[in-house]
Amino acid sequence: MSRSDKTINLDNDLRRHLLFGSVGLVIVVLIVFVNVTLHLAKDLGEAVESDHLLEQAQKISILIQDVIDSDKLESINNQELIQESFIKHINFFNEDIVKLNIWLNGKIFTVKNDKSFDHIAEINAAMQKKKSNHGFIKLNTNRFFWVYKYTPNECCELLLLRKVSTLDRAIKYVSTRLTISAFLTFWLAVWAALIISALITKRFIKGNIRLNFLANHDMLTQLHNRTYLHDVINNYIDQQNLYASKHYSEINKAAILLIDLNKFKEVNDTMGHHIGDRLLQALAERLSKLIDDNTYVFRYGGDEFIIWQENTDANNAEILAESVIKICRQPLLIKSSKFEMSASIGIASYPEDAQTLNDLLKSADIAMYRAKRLRLGYQSYKKCLDLRSPLRVNLSGQLNHALINDQFVLYYQPKVNLHNGKIFGVEALIRWQHPTEGLLAPGMFINLIEQSDFVHEFTRYVIKQAIMQCRAWLDSELTLSVAVNISPYNLMDPELTPFIQKLLSDYQVPASLIEIELTESSTMVAVETTEKVFKQLKSIGVMLSIDDFGTGMSSLAYIKQLKVDYIKIDRSFVINLNTDIKDEAIIMSILLLCQKLNREVIIEGVETNEQREKLISLGCKFAQGYYFYKPMPAKEITMELLNLKSD
Ligand code: C2E
Ligand code: CA
Ligand code: CA
């Protein structure tokens with residue numbers, strides 16, 4: 001269930017609880033209210049009724065006393081006559097009197113005795129229990145109020161009984177009104193509860209939305225954050241797994257693009273964090289324009305952004321990466337200053353490269369790292385890039401064996417004169433003819449070798465092969481200089497120069513035909529160390545080159561301090577040469593610099609005729625690239641050279 005679904009459910013639950021809660025409260029209040037009011041009405045009715053009957057009893061007593069005190073009765077001794085004269089006087093109250101006995105002239109006369117009322121015993125019991133001469137009694141379904149007076153000194157025994165009707169009427173009225181008002185109150189309360197619950201829920205939803213936003217967004221850029229990224233990608237992967245297992249169908253592909261800004265730290269350090277923040281915001285705004293139903297943009301942290309594209313494939317992801325690179329390159333205007341950013345992007349595809357979010361991130365990171373290191377702009381993940389991949393782990397265990405068994409072979413890429421296309425030398429590029437994996441490019445294993453114990457042994461092997469090939473060419477009357485790449489670690493090998501010197505003399509190869517290339521970005525070695533080794537190499541007569549010029553941090557220090565013969569301009573400056581004026585400017589500056597310092601320039605990675613023409617127009621003399629020749633085995637290049645020679 002997604003976050004928003006959860007929130008909606010939570011909101012509905014809250015609304016329901018609020019509604020039922022308030023309606024329940026109203027019902028409880030109404031029950032209490034009705035109960036209290038009914039009791040009140042009952043108590044009030046009883047009080048009125050009892051007061052009235054007590055008063056009546058008192059009046060009857062006075063009337064009886066009056067009759068007794070009148071002289072007329074003294075002479076009457078007859079029961080009927082006495083009964084008649086009393087009834088006459090108290091007729092008004094007759095219907096309430098159940099029992100009336102009179103003491104007269106020493107005799108008891110029964111004035112009234114209602115034989116139909118046979119509950120005297122109950123009244124006696126109630127009287128004894130309550131110790132009172134009046135009270136209520138329930139007979140059948142009716143309630144009665146009774147008053148009993150037994151006063152021999154007043155010559156009278158009187159029992160009055162009255163059906164409680166005032167009370168019943170009162171309760172009837174009260175309950176009718178109560179029912180109506182309870183009903184109205186209930187409806188009012190329900191409406192009030194509905195409105196209040198809606199209002200409270202609305203406020204709660206607002207609060208919830210805000211909280212949700214805070215939880216899922218990055219506050220600086222307003223893009224979705226890492227938490228949301230986990231939700232989105234894990235959800236997608238779960239759905240795909242479920243769908244695929246249910247329908248036995250293929251998983252819908254997706255791709256993750258890890259975008260890392262180049263040199264952002266420098267911007268932060270030199271311009272201040274507030275400018276860095278503004279840059280990130282401006283960039284986020286541009287990136288957010290890429291968002292659509294299938295594409296999500298997240299700020300992953302610091303200067304890292306992530307784009308997650310669903311229902312896509314590796315090709316589309318690369319197209320997207322190209323547009324991201326363009327977006328990043330467009331100058332950003334901040335406080336009237338222009339900033340130009342660039343980014344390195346690593347792409348990992350789901351499910352080909354990885355099947356979990358964690359692995360996707362790792363793969364994208366590996367690819368991004370390569371893109372950054374080689375200034376490729378973007379790089380899609382390949383197994384061979386991954387140092388931890390089973391293939392790489394396997395390879396590192398087989399290096400020694402490969403060296404002993406001559407599995408390493410040199411391919412040669414011609415270096416040409418740009419004007420006439422003539423080959424003036426070759427660069428030796430190593431390949432591993434692996435028994436099971438096929439022909440492996442150096443990107444697969446060079447850094448494994450550099451991290452191993454036999455980096456020196458390996459380079460010596462390469463140099464020996466190159467010198468032997470040079471000898472073979474010389475024997476075929478082909479004079480061709482051979483450039484060999486060395487690793488920066490080889491600079492620590494004190495035997496390197498003597499070893500080369502011995503080989504040159506053993507194979508009778510002129511030192512000037514061997515060229516040593518050291519990549520400029522190998523900044524882990526101090527330029528002084530390089531200078532020392534280069535001096536030794538120069539002293540025996542070999543040629544020297546700085547490779548991948550312009551990619552490291554200390555190009556100028558290298559070119560100033562190292563007495564080299566060639567500067568090889570990195571191919572990253574050639575890729576967009578025909579569209580990017582800045583690359584043109586850089587190449588022109590390097591050419592000028594090298595001219596002043598007396599170094600030859602070889603331009604790498606020429607792939608098209610347009611690039612070739614442009615380079616010629618800029619004044620380049622030497623080049624290397626797929627446009628002319630790809631690296632090839634010695635046999636092929638020998639045939640090519642012999643063919644060219646015979647032409
Ligand atoms: P590098 O010295 O810069 O060699 C040039 C690389 O660019 C080669 O890749 C070559 O095939 C490639 N290349 C040449 N022209 C073009 C082009 O027009 N377009 C493109 N896209 N690529 C082009 P490769 O052979 O894969 O070598 C990669 C790197 O491995 C070399 O870069 C070098 O740094 C290293 N390497 C190769 N052989 C050795 C070696 O024997 N020892 C050491 N230490 N490193 C080596
Ligand atoms: Ca090279
Ligand atoms: Ca190079």
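Whatever order the structure lists ligands and atoms in, that order sets their numbers, starting from 1.
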Trainee: Just by distance, with hydrogens left out, do Asn262 and Lys372 show a side-chain donor and acceptor under 3.5 Å apart?
Mentor: yes

Trainee: Of the backbone and side-chain N, O or S atoms of Asn485, does one lie nearer to the Ca ion (ligand 2) than 3.0 Å?
Mentor: yes

Trainee: Out of Asn490, Asn485, Ile486, who is nearest to atom 33 (C) of ligand 1 when you count heavy atoms only?
Mentor: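 Of the listed residues, Asn485 has the closest heavy atom.
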
Trainee: Check each heavy atom of Glu427 against ligand 1 and say whether those closer than 4.0 Å belong to the side chain, the backbone, both or neither.
Mentor: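 Glu427 to ligand 1: side-chain contact only, backbone stays beyond 4.0 Å.
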
Trainee: So between Pro631, Pro442, Ala466, whose heavy atom ends up nearest atom 26 (O) of ligand 1?
Mentor: Pro442

Trainee: Indicate, as side chain, backbone, both or neither, the part of Ile430 found under 4.0 angstrom from ligand 1 when only non-hydrogen atoms are considered.
Mentor: both

Trainee: With a 6.0 Å cut-off on the ring centroids, do Phe458 and Phe408 count as close?
Mentor: yes

Trainee: Roughly how far, to the nearest 0.5 Å, is the CD1 atom of Ile603 from the CD1 atom of Ile616?
Mentor: 12.0 Å

Trainee: Hey, does Gln624 sit under 4.0 Å from ligand 1 if you only count heavy atoms?
Mentor: no

Trainee: Need the ligand 1 atom indices (1-based, order shown) with element for anything under 4.0 Å from a heavy-atom of Ile446.
Mentor: 42 (N), 43 (C), 45 (N), 46 (C)

Trainee: Just to check, does Val462 reach to within less than 4.0 Å of ligand 1 when the distance is taken from its heavy atoms?
Mentor: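 Flag set, Val462 near ligand 1.
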
Trainee: So His434 and Trp432, would you call those rings parallel, tilted or perpendicular, with 30° and 60° as cut-offs?
Mentor: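 Aromatic pair His434/Trp432 classed tilted.
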
Trainee: Would you check if the distance from the ring center of Phe424 to the ring center of Phe622 is below 6.0 Å?
Mentor: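 Between Phe622 and Phe424, which both carry aromatic rings, the centre distance is below 6.0 Å.
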
Trainee: Return yes when at least one N/O/S atom of Asp570 is nearer than 3.0 Å to the Ca ion (ligand 3), and no when none is.
Mentor: no

Trainee: Decide whether a cation-pi geometry holds between Arg471 and Tyr507; the criteria are a distance under 6.0 Å from NZ or CZ to the six-membered ring centre and an angle within 45° of the ring axis.
Mentor: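 No.
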
Trainee: Which atoms from ligand 1 have a heavy atom of Val606 less than 4.0 Å away?
Mentor: 18 (O)

Trainee: Strictly inside 4.0 angstrom of atom 6 (C) of ligand 1, do you find any protein heavy atom?
Mentor: no

Trainee: Would you call Glu427 and Lys415 a salt bridge, taking side-chain N to carboxylate O under 4.0 Å as the test?
Mentor: no

Trainee: Please check this pair: side chain of Ser476 against backbone of Leu478, looking for a donor-acceptor N/O pair closer than 3.5 Å.
Mentor: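 Answer holds: no.
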
Trainee: Yes or no, since that's all I need: does a protein heavy atom fall within a distance strictly under 4.0 Å of atom 42 (N) of ligand 1?
Mentor: yes

Trainee: Heavy atom under 4.0 Å from ligand 1: found in Arg431's side chain, backbone, both, or neither?
Mentor: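 Just the side chain.
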
Trainee: If we set the cut-off at 4.0 Å for heavy atoms, which region of Asp547 has an atom near ligand 1: side chain, backbone, both, or neither?
Mentor: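 Within the 4.0 Å criterion, Asp547 contacts ligand 1 through side-chain atoms alone.
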
Trainee: Apply salt bridge (charged side-chain N to carboxylate O under 4.0 Å, His left out) to Asp548 and Arg571, showing your working.
Mentor: CA-CA 7 Å; Asp548 306 336; Arg571 75 180 184 91; over 6 Å; no

Trainee: Determine, stepwise, if the pair Ser288 / Val297 fulfils side-chain contact (heavy atoms from CB on, under 4.5 Å).
Mentor: CA-CA 6 Å; Ser288 61; Val297 178; 5.6 Å; no

Trainee: Side-chain donor-acceptor pair under 3.5 Å between Asn576 and Asp583, yes or no?
Mentor: no

Trainee: What's the shortest distance from atom 3 (O) of ligand 1 to any protein heavy atom, and which residue and atom give it?
Mentor: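 For atom 3 (O) of ligand 1, the nearest protein heavy atom is Asp548 OD1, 3.2 Å.
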
Trainee: Give me the ring orientation class for Tyr350 and Tyr236: parallel if the planes are under 30° apart, tilted from 30 to 60°, perpendicular past 60°.
Mentor: perpendicular

Trainee: Going by heavy atoms, is Lys630 under 4.0 Å from ligand 1?
Mentor: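 So Lys630 does not count as touching ligand 1.
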
Trainee: Considering heavy atoms of the protein only, find what lies nearest to atom 15 (N) of ligand 1 and give residue, atom and distance to 0.1 Å.
Mentor: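 Residue, atom and distance for the closest contact: Gln413 NE2, 3.0 Å.
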
Trainee: Does any N, O or S atom of Glu517, backbone or side chain, fall under 3.0 Å from the Ca ion (ligand 2)?
Mentor: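 Within the cut-off used here (under 3.0 Å), Glu517 does place an N, O or S atom near the Ca ion (ligand 2).
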
Trainee: Nearest non-hydrogen atom to atom 44 (N) of ligand 1 belongs to which of Ala428, Ala441, Ser487?
Mentor: Ser487

Trainee: State whether the side chain of Ser349 and the backbone N or O of Glu352 hold a donor-acceptor pair below 3.5 Å, judged by distance alone.
Mentor: no

Trainee: List the steps and the verdict of side-chain contact (heavy atoms from CB on, under 4.5 Å) for Val574 and Glu604.
Mentor: CA-CA 8 Å; Val574 184; Glu604 292 187 299; over 6 Å; no

Trainee: Looking only at N, O or S atoms, find the one in Asp547 nearest to the Ca ion (ligand 2) and name it.
Mentor: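 Nearest N/O/S atom: OD2.
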
Trainee: Going by atom types alone, do Thr638 and Trp473 pair a side-chain donor with an acceptor below 3.5 Å?
Mentor: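 Judged by distance alone, the side chains do pair up.
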
Trainee: What is the closest protein heavy atom to atom 31 (C) of ligand 1, and at what distance does it sit?
Mentor: Leu429 CD2, 4.2 Å

Trainee: Under 4.0 Å from a heavy atom of Glu604: give me the atoms of ligand 1 that qualify, with their elements.
Mentor: 3 (O)

Trainee: So which of Tyr629, Phe628, Tyr411, Tyr626 gets nearest to atom 16 (C) of ligand 1, if we judge by its closest heavy atom?
Mentor: Tyr626

Trainee: Out of the N/O/S atoms in Glu427, what is the name of the one closest to the Ca ion (ligand 2)?
Mentor: OE2

Trainee: Specify which N/O/S atom of Asp548 comes nearest to the Ca ion (ligand 3), by atom name.
Mentor: OD1

Trainee: Can the positive tip of Lys502 be found less than 6.0 Å from the middle of the six-membered ring of Phe499, inside 45° of the ring normal?
Mentor: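 The answer is no; the distance or angle limit is not met.
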
Trainee: Any idea which protein heavy atom is nearest atom 20 (C) of ligand 1, and the distance to it?
Mentor: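 Answer for atom 20 (C) of ligand 1: Glu607 OE2, 3.2 Å.
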
Trainee: Checking only N/O/S atoms, does Glu604 have one that is under 3.0 Å from the Ca ion (ligand 2)?
Mentor: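 Looking at Glu604, which is the residue asked about, there is no N, O or S atom under 3.0 Å from the Ca ion (ligand 2).
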
